[in-house]
Novice: 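Handing you a structure now.
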Amino acid sequence: MGVTKEVVEATLKSKMNPTYLEVVDTSGGCGASFVVEIVSEQFEGKRLLERHRMVNTALTEEMKEIHALSIKKALTPAQWDQQKESNDTVSSTK
């Protein structure tokens, strides 16, 4: 059996200590493809490529069975808050 959404979530929670995490299984349930949004203080001072590498490293064992991992967002808590404020501002002007 492939990797489950819950396994990916548990691994990222234990290794990355995120303040926000969303994992979506885009494989139709077989566990071969996931989309991740993650917010973690561990990303402070890191470039985007380094952040993606950190997520991939955290999922080293799971990646042996995952065909595709899309990291949609890898943000610091400050960037997350700023993005939410921007989205709220845009939503309130519509």
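The analysis underlying the following values was restricted to heavy atoms, covering all of them including side chains, and did not include hydrogens, waters or symmetry mates.
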Novice: Is the backbone N or O of Val8 less than 3.5 Å from a side-chain atom of Thr11, with the two atoms forming a donor-acceptor pair by type?
Specialist: no
Novice: Do Val39 and Val36 sit in the same hydrophobic cluster, where Ile, Leu, Val, Met, Phe, Trp and Tyr count as joined when their side-chain heavy atoms come under 4.5 Å apart?
Specialist: no
Novice: Looking at every heavy atom in both Asp25 and Gly28, which two are closest together, and how far apart are they?
Specialist: OD1-N, 3.9 Å
Novice: How close do Ala32 and Ser27 get, counting heavy atoms only, and between which atoms?
Specialist: N-OG, 3.4 Å
Novice: CD1/Ile71 to CE/Met54 distance, rounded to the nearest 0.5 angstrom?
Specialist: 10.5 Å
Novice: Is there a path of hydrophobic side-chain contacts, each under 4.5 Å between heavy atoms, that joins Trp80 and Ile38?
Specialist: no
Novice: What's the verdict on side chain to side chain donor-acceptor pair (under 3.5 Å) for Lys73 and Gln83, showing C-alpha distance, side-chain angles and the deciding distance?
Specialist: CA-CA 11 Å; Lys73 293 181 184 172; Gln83 189 173 77; 3.0 Å; yes
Novice: Heavy atoms only: give me the nearest Arg51-Lys46 pair and the separation to one decimal.
Specialist: NE-O, 3.0 Å
Novice: Give a yes-or-no answer on whether the side chains of Gln42 and Lys15 include a donor-acceptor pair shorter than 3.5 Å.
Specialist: no
Novice: Do any N or O atoms from the side chain of Thr26 and from the backbone of Ser33 form a donor-acceptor pair under 3.5 angstrom?
Specialist: yes
Novice: Could you tell me whether the side chains of Thr76 and Glu41 share a donor-acceptor contact shorter than 3.5 Å?
Specialist: no
Novice: Working to the nearest 0.5 Å, report the span between CE of Met63 and CZ of Phe34.
Specialist: 10.0 Å
Novice: Do NZ/NE/NH1/NH2 and the carboxylate oxygens of Lys5 and Glu9 come within less than 4.0 Å?
Specialist: yes
Novice: For Gln82, does the CD atom sit with more than 12 other heavy atoms under 6.0 Å from it, leaving out its own atoms?
Specialist: no
Novice: For the NZ atom of Lys64 and the CG atom of Leu59, what is their distance to the nearest 0.5 Å?
Specialist: 12.5 Å
Novice: Once you round to the nearest 0.5 Å, how far does CZ of Phe43 lie from CE of Met16?
Specialist: 3.5 Å
Novice: First locate atom NE2 of His52, then atom OG of Ser70, and finally report the distance between them rounded to the nearest 0.5 Å.
Specialist: 8.0 Å
Novice: What distance separates Glu62 CD from Thr4 OG1, expressed to the nearest 0.5 Å?
Specialist: 9.0 Å
Novice: Please answer: with hydrophobic residues joined when any side-chain heavy atoms are less than 4.5 Å apart, are Leu21 and Val35 in the same cluster?
Specialist: no
